[in-house]
Amino acid sequence: TPQAGDQVISGKADCKVFIPTAKAVFIENCTNCTIYALPTEGSFYISKSVGTTIFCAPHQLRMFECSNINVYTWCRSIPVIEGCTNCLLYTSDAADEEDSVDLGGRRIIKKKKKTESRNYNSTTKHNR
């Protein structure tokens, strides 16, 4: 529930939105927008939005029932993603490397690089 000092963006379509520093941000029912937000002290809520690109730096990111959105974030905690489809989340490391992952409603934060284990590598032979 929004409170004093929070920013609420609702029902926007085909536009660019710039959000000043806020205690919390609520984005809902936005379609084909680009949203730029200055650092957010608390949570950044995105719900029921479609075809939108968001740049944000919140303490916590929460996404609910979104589709076809891209979120570039520098989040200080693990994002909470529920019921989202065809959404890409770029974390600070992934944004630097242009790496991403299709969330599909799962709690995957970023694509992991393939690295060999310190305990096993592809040239090690094991007897079974």
Following the transitive rule for hydrophobic clusters with a side-chain heavy-atom cut-off under 4.5 Å over Ile, Leu, Val, Met, Phe, Trp and Tyr, establish whether [X] and [Y] coincide in one cluster.
X   : Y   : answer
Y72 : L38 : no
V80 : F26 : no
F18 : Y45 : no
V8  : I19 : no
I69 : V17 : yes

Does the side-chain hydrogen bond (donor to acceptor under 3.5 Å, both in side chains) test come out yes or no for Q60 and S77, once each step is laid out? CA-CA 6 Å; Q60 182 184 44; S77 64; 4.8 Å; no

With the side chain counted from C-beta on, respond yes when [X] and [Y] share a heavy-atom pair under 4.5 Å apart, and no when they do not.
X   : Y   : answer
C56 : V25 : no
C66 : V50 : no
R62 : P79 : no
D14 : C33 : no
K48 : E65 : yes
T40 : T21 : no
T31 : T52 : no
L89 : L61 : yes

For [X] and [Y], work out which heavy atoms get closest and say how close.
X   : Y   : answer
N68 : C87 : N-SG, 3.9 Å
C30 : G11 : SG-N, 4.4 Å
S49 : E28 : OG-C, 3.9 Å
E41 : H59 : O-CB, 3.4 Å

Could you go through the side-chain contact (heavy atoms from CB on, under 4.5 Å) check for I46 and V71 one step at a time? CA-CA 10 Å; I46 309 165; V71 179; 4.0 Å; yes

Approximate separation, where rounding is to 0.5 Å, of I27 CD1 and I9 CD1: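 Reported to 0.5 Å precision, the distance equals 6.5 Å.
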
To the nearest 0.5 Å, atom NZ of K23 lies from atom OG of S43 at 13.5 Å

For side-chain contact (heavy atoms from CB on, under 4.5 Å), just list the numbers for I54 and F44, CA-CA rounded to whole Å, side-chain angles, deciding distance to a tenth of an Å, and then say yes or no. CA-CA 11 Å; I54 300 168; F44 199 99; 3.8 Å; yes

K12 and I35: side-chain contact (heavy atoms from CB on, under 4.5 Å), yes or no, with the steps? CA-CA 10 Å; K12 300 286 184 185; I35 299 172; over 6 Å; no

So, the side chain of N29 versus the backbone of S10: is there a donor-acceptor pair under 3.5 Å, distance only?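 No; judged by distance alone, with no hydrogens or angles, the pair does not exist.
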
Apply side-chain contact (heavy atoms from CB on, under 4.5 Å) to residues S67 and T85 and explain how you reach the verdict. CA-CA 5 Å; S67 63; T85 57; 3.3 Å; yes

